[in-house]
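Structure, as structure tokens:
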Amino acid sequence: MHAELQVLSPLVPVREVNFLRFCKQHAEGLWAVVDVSIDSIRESSGAPTFVNGRRLPSGCVVQDMPNGYSKVIN
């Protein structure tokens with residue numbers, strides 16, 4: 001995935017990041033979602049390439065609720 005992250009400050013430029021998103025169902029109505037940056041591990045012509053940002057690994061668990069909503073746990 002590709003994203004642009006912006007901080008509400010004129011002093012911080014917009015950051016572009018590329019990352020992988022992995023989703024896995026662990027039980028009925030229970031999913032894990034994890035994002036991992038790939039900017040620091042991609043290679044072009046044998047040399048690592050960096051866009052201008054990097055996401056730290058992050059994720060959450062999404063659980064279906066009986067009322068039709070979802071509960072997000074991070």
Side-chain angles (χ1 to χ4, degrees):
M1 299 179 86
H2 176 80
E4 291 183 355
L5 307 174
Q6 184 175 9
V7 176
L8 297 175
S9 168
L11 303 175
V12 180
V14 174
R15 308 250 187 225
E16 295 181 18
V17 294
N18 293 296
F19 58 96
L20 298 175
R21 176 165 286 167
F22 179 74
C23 303
K24 183 177 180 181
Q25 185 174 14
H26 285 276
E28 184 66 33
L30 188 67
W31 289 82
V33 182
V34 178
D35 293 342
V36 179
S37 178
I38 60 171
D39 290 327
S40 61
I41 59 173
R42 288 190 320 169
E43 292 188 1
S44 174
S45 304
T49 59
F50 297 93
V51 178
N52 68 3
R54 191 181 125 233
R55 284 179 55 100
L56 294 175
S58 62
C60 65
V61 174
V62 181
Q63 179 181 10
D64 289 338
M65 302 301 288
N67 60 5
Y69 289 94
S70 296
K71 180 179 180 181
V72 178
I73 305 163
N74 54 348

Just to verify, what does Asn74 make a side chain to side chain contact (heavy atoms under 4.5 Å, CB included) with, not counting sequence neighbours?
Cys60
When rounded to the nearest 0.5 angstrom, what distance separates NE2 in His2 from CG in Asn18?
6.0 Å
What's the shortest heavy-atom distance between Ser37 and Phe19, and which atoms?
CA-CB, 3.9 Å
Using links of under 4.5 Å between side-chain heavy atoms of ILVMFWY residues, direct or through other members, which residues join Val7 in one cluster?
Val12
How does the hydrophobic cluster around Met65 look, that is, which other residues are in it when side-chain heavy atoms under 4.5 Å mark a link?
none
Set of residues satisfying side chain to side chain contact (heavy atoms under 4.5 Å, CB included) with respect to Ile73, sequence neighbours excluded:
Val61, Gln63, Lys71
Could I get the full list of side chain to side chain contact (heavy atoms under 4.5 Å, CB included) partners for Gln6, not counting sequence neighbours?
Val14
Going by the rule side chain to side chain contact (heavy atoms under 4.5 Å, CB included), which residues pair with Glu28 if we only count those two or more places apart in sequence or in a different chain?
Gln25
